[in-house]
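Per chain, numbering begins at 1; letters A, B, ... match sequence-line order. The figures here come from the full heavy-atom set of this structure, side chains too, leaving out hydrogens, waters and symmetry mates. Owing to the predicted nature of the structure, the values given are computational and were not obtained by experimental measurement.
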Amino acid sequence: MAERSFLKEVKKLRMGEGEVFSGEGILAVTKALLESGVSYVAGYQGAPISHLMDVLSDAKEVLQEHGIYFENSASEATAAATLAASVNYPMRGAVTFKATVGTNVASDALANLASGGVLGGALIIVGEDYGEGSSIMQERSLAFAMKSQIWLLDPRPNLPCMVKAVKQAFELSEASNTPVMLQMRIRTCHLHGQFTASDNRTADFKTGDAVDNPVRDLDRIVLPPASFQHEQEKVQKRWPAAVEFIKSHSLNEFFSENLADIGIIVQGGVYNTLLRVLKNLGLADVFGESQIPIYVMNVAYPVIDDEVERFCQGKSAVLMVEEGQPNFTEQNISMILRQKNLTARLHGKDILPLAGEYNSERLFEGVSDFLQRYGCLEKAEKSIPVADLIPVTAVSETESAAVVQYEPSLADSVHQRPPGFCTGCPERPIFTAMKLVERELGSHHVSADIGCHLFSILPPFNLGNTTMGYGLGAAGAAAMVGSEKKRAIAVMGDGGFWHNGLTSGIANAVFNKSDNLTIIVDNSYSAATGGQDLLSSTAKNDSRSTGHEISTAVKSVGVKWVRTVTHTYDLKSMIREIREALTTGFKGPKVLIAQSECMLNKQRRLKRESRSALDEGKRVVRERFGVDADTCTGDHSCIRLSGCPSLSIKANPDPLRQDPVATVIESCVGCGLCGEVSHAAVLCPSFYRVNVVSNPRWLERYLFRMSVKIISLLQRVADRRRSRLTF
Amino acid sequence: MISEPIKIAVFAMGGEGGGVLADWIVSLAEKNGFYGQNTSVPGVAQRTGATIYYVEIFPIPVDLPGKLPVLGLMPTPGDVDVVLASELMEAGRAVQRGLVTDDRTSLISSSSRVYSISEKSSMADGRVDSESILLHAEKSAHKFVCFDMADVAQKSGSVISAVLFGALCGSGDLPFNRSQFEDTIRRGGVGVEPSLRAFESGYNEARSAKKETLQEDSWQPPDRESEDPVINSLLQRIYQFPVPTIHFIAEGVRRLVDYQDAKYAHLYLDRLKDIQTSFGGNDNLLIQETARHLALWMSYEDTIRVADLKTRSKRFERVHKEVGVSPQQVVWINEYMHPRMQEICETLPKAFGKWLSRPHFIHRLIARFTQKGRVVPTNTLFGYLLLCSLAFMKRWRRATLRYSMETKNIEAWLIMVKKAAAIDPALATELAKCQNLVKGYGDTHSRGLSSFRKISSLVDQLMKSISPGLVAKLRLAALADDQGNKLDDLIKKTQTSLGDFSE
């Protein structure tokens, strides 16, 4: 089950004509899909569209009511290939995944789909993971859309515009027989807002109808000579049809078109930030009334020549606000200006930063510069405040000289705070074990993968040399061979394993007789993307088939050396198996499956269970760890080997010591790793575990009371003896 | 007509309830005649990383039906009305990003700290200066509301987000009243009662606008005389030292009386006196630091000491308090201990311990039982008596192998300090501080001792030419990494550059 439940919000999906919907962007897009009459939806989770998949999973009933088929695809490639259902049949379908990693995985299917074209509307919703908060390499989907000729929508980031864009995307797709991509940026996905709903529509043609009445059209299959015909079709029929649709339905917008002789062309997704910048410069109001002409490209691709011509006609200069690089759109507009012989000066990346997200600070500087150059703004009217040195003592004691002392800049006291492993995370002990084995056998090359386990590359573990993509951990170690002394280690999550790691990593290692070790982190969920179920999940799932063991899959492709540690917190076993895998005489790929349930999900389950057990008066044990401040010497080895958020530091109560002592804070879930670490690494005797028993049975209560009685008697004697010598 | 949205940024860490707080603000606005927009960049499924939530609210214009405001998706420096921070470093981050400006921004922050991994994993004290952040925040903000919200949250059995919501209400920065705020929490429907309690505390704290000041040192010197003759003789000797150094000396004496006995404390004072009366030794800072570190070294953590501390009544009370136990519950305390052959030998009488530490049949036999760590249930009769009998061995401590080893080390160190004091008291002070490297147990202890030895042998070798600053640098280098790489590098460098002309 996914980390976040949308069961409550899903009710909003039933809203009808005229009702005001208030909620998250992701949910609004789902509602728009229902209002568009889709027949099927599929996708693969990943930030920032994980929640879209979670909403769809939770919306099972609503989808069923409208006969919509929904699938959790095995990968983005599967999702994209699913759109094949719209090639021959008049069915609308939508798939979703994270861009640009998703488009990369899906590229084969997407390119084939775009080549043959579609009959029914085919929509690809991509979560554009670009800019602040992104977790992947910084590229844009635009390049991908361009090379396969898929139309790319980048609507203004507010719910009414996005809902409209979804509906128009299907129409555009059908009008031009081309798949359409809808780009949702990170902030837009998590945007809360409102729009007025319409009635949901049930599709006339459903997936079952297609299966019952198969249609075959050789012209739509990517094989010569049809494939050559497709290329011609793309430019002769589909492109002009798209341009016609975009123009006639005003998908792009003009604001204050003739108010000034300069103008700004902006991608829809950046519109709100641009407007805020103009407002702060005193050139627009809060409702978007701008004194500077703006052309909003809600369609990022294709560029509509006529509209660009219309906007630039008679203007002395235009500024193209295009995020990311290369500046494809700016180049395109430059070509249009040249060919149409327009005199407007074109600015873009000469004024704005070449790379990086266009946040309000960067845009403020660029737009101000542009407006100043063309006399629409006085020089340096407003500037962005920069936090820097703060004078601490203003005046010195001697009257003559006012000496100003500066407080050290905040850069020293504000640290980077990247995401890390959660409290009690079962993946942490795997890396603790690797650290401890490293002490014995020296450092190894570690090929990392995508998933929570990638946090191992950060302090305190500092393990991991490369990451090549989802499920590619083992593949990334393919050429790390040829040593007599050491073996490379690859790490892979269960999510990546089922995504493609089984074939691209494990089977590849078997086929090529690799000698490396692959550690598969099996935490029962696709944890990093929000705790979705997988083939190997242990949870029961009514609508999916789970419980398929990774070890069986690994053995079936021919791995002979397979070990499973069913409790990763058992450091001794973890260390033993890793050491064994790195030193055994056995030649061939080694797979170590490290299992323990994702703590975030486990706690969600346990909390509920223990609450009801408490209510029923059953015996419930709560475990928590602690550190004795008076025996802790403040070396923090334990933290360097664990990194748990619940293992922190506090001021040393000992008046003689200065280094802070370790402490276990409230949020501890008693996973036990602290104790294991202090045993395995022979750290210190400061750790203790407390078992708090609620509703104890009579015998336990009796034993406890008896020991309390005797022990406190002995303690009183000792206290009295000590108090004699206190001063 | 209002022409500006109200802009609110929430700085929190993933999983801390920042999202809930942002949702509350939007819900509060939407229910009460405003448009509300909220967005965030949670990053990699937001596990514990720094996260910013951004909210804009705007009153629905009655005179312009259907007119929608264009609201921002990210905070703009210099253009934020309220910044809420769940933790002090995050407040610092907001200031650093220029989002807190003195013309308009109310900064509402918890003074509590959630330490960053680099602060926590330092081998000594890696904490940043909270005072500095407070100062920057105070200077940058138009209004600064700051108190320990983690504490308030814990007391009301809720989370920081509810306290922040209360403080936001109490600060009066939003155009809504208290009952509108509270209704928002009720509408949420989850954990309503504790949330409302936390809200109220936050509300009150913000209104009373107490300034958070960091705790001052409240150390009280002991009385000059005592009726007990044993203590009195110690007090007389303590007060013979210069007044500014009394603090650590008194604490040192207290520690050693508690650790062993009054005679042991006298030994401590003898050793200190020896330093003080040596040439160059009468330097307050040197005495103070030697007093501190000598006391720490003389109260080295052996098995006896650990057992002693673990069985005390005060310790039991502390554990109960930390965990939060009700009288109906039963509590079992389990210690994680790993006594190795080394510790066993060291606790035995010197000759016997030395004999046992040699590899022979008996050694191997006992070693077999020390492979695993042990979990000792301290508050069962069995566990308690086991630890007590260990603690009881205190009276024979002076005969143990460990005692003789430590005595040798301590005396060698003191001789060095004395030698250094004759050259430069500052050098001696730095050398005294190097004792901080020798701490911990097991591997940690041996690693620290080896770093200490490396530094002291280098200092011994270069005594005449080495500077106090360099000794401090060497000490920090020893604390830079677990493997001692940085220290080795620096030692090598020092030897090649300094060694030449000290010959």
Problem - Taking every non-hydrogen atom, the tightest pair across Gly126(B) and Ser122(B) - result: N-OG, 3.5 Å

Which bit of [X] is near chain A, if near means a heavy-atom gap under 4.5 Å: side chain, backbone, both or neither?
X	result
Val128(B)	side chain
Val331(B)	both
Phe382(B)	neither
Glu335(B)	both
Tyr115(B)	both
Lys310(B)	side chain
Asn436(B)	side chain
Asp228(B)	side chain
Glu90(B)	both
Leu479(B)	neither
Val230(B)	side chain
Leu88(B)	neither
Thr380(B)	backbone
Asp23(B)	neither

Practice task
Fit a plane to each ring of His679(A) and Tyr336(B), take the angle between them on a 0 to 90° scale, and name the class: parallel (under 30°), tilted (30 to 60°) or perpendicular (over 60°).
Solution key: tilted

Most heavy-atom pairs under 4.5 angstrom with chain B, which of [options]?
options	value
Val692(A), Leu454(A), Asp285(A), Val414(A)	Val414(A)
Pro655(A), Ser712(A), Cys668(A)	Pro655(A)
Asp654(A), Asp129(A), Asn359(A), Thr726(A)	Asp654(A)
Pro660(A), Cys638(A), Gly193(A)	Pro660(A)
Gly288(A), Pro460(A), Ser642(A)	Pro460(A)
Ile136(A), Asn272(A), Asn691(A)	Asn691(A)

Problem - pair Lys314(B)-Gln715(A): side-chain heavy atoms closer than 4.5 Å - result: no

Handout entry: Options Leu309(B), Asp258(B), Val114(B), ranked by heavy-atom pairs under 4.5 Å with chain A, top entry
Key = Leu309(B)

Problem - Among Ser116(B), Gly442(B), Pro75(B), residue most engaged with chain A (heavy-atom pairs, under 4.5 Å) - result: Ser116(B)

Practice task
Tell me, please, which residues at least two apart from Asp308(B) pass side-chain contact (heavy atoms from CB on, under 4.5 Å).
Solution key: Arg722(A), Arg305(B), Arg312(B), Ala391(B), Lys394(B)

Practice task
Evaluate side-chain hydrogen bond (donor to acceptor under 3.5 Å, both in side chains) for Thr631(A) paired with Ser686(A), printing each intermediate quantity in order.
Solution key: CA-CA 6 Å; Thr631(A) 55; Ser686(A) 306; 3.0 Å; yes

Fill in the blank from the handout: Applying salt bridge (Lys or Arg N to Asp or Glu O under 4.0 Å) to Arg292(B) and not counting sequence neighbours gives Glu289(B)

Exercise for the section: Using a strict 4.0 Å threshold on nitrogen-to-oxygen distance, state whether Asp630(A) and Arg255(B) make a salt bridge. Expected result: no

Exercise for the section: Decide, yes or no, whether a salt bridge links Arg657(A) with Glu251(B) under the criterion of side-chain N to carboxylate O below 4.0 Å. Expected result: no

Exercise for the section: Report yes or no: is the cationic atom of Arg315(B) (NZ for Lys, CZ for Arg) closer than 6.0 Å to the six-membered ring centre of Tyr688(A), at no more than 45° off its axis? Expected result: yes

Exercise for the section: Against chain B, label Leu275(A) side chain, backbone, both or neither, depending on which of its atoms sit under 4.5 Å from a heavy atom there. Expected result: side chain

Exercise for the section: Using atom types as modelled and distance alone, determine if a side-chain donor or acceptor of His415(A) lies under 3.5 Å from a backbone N or O of Ser118(B). Expected result: no

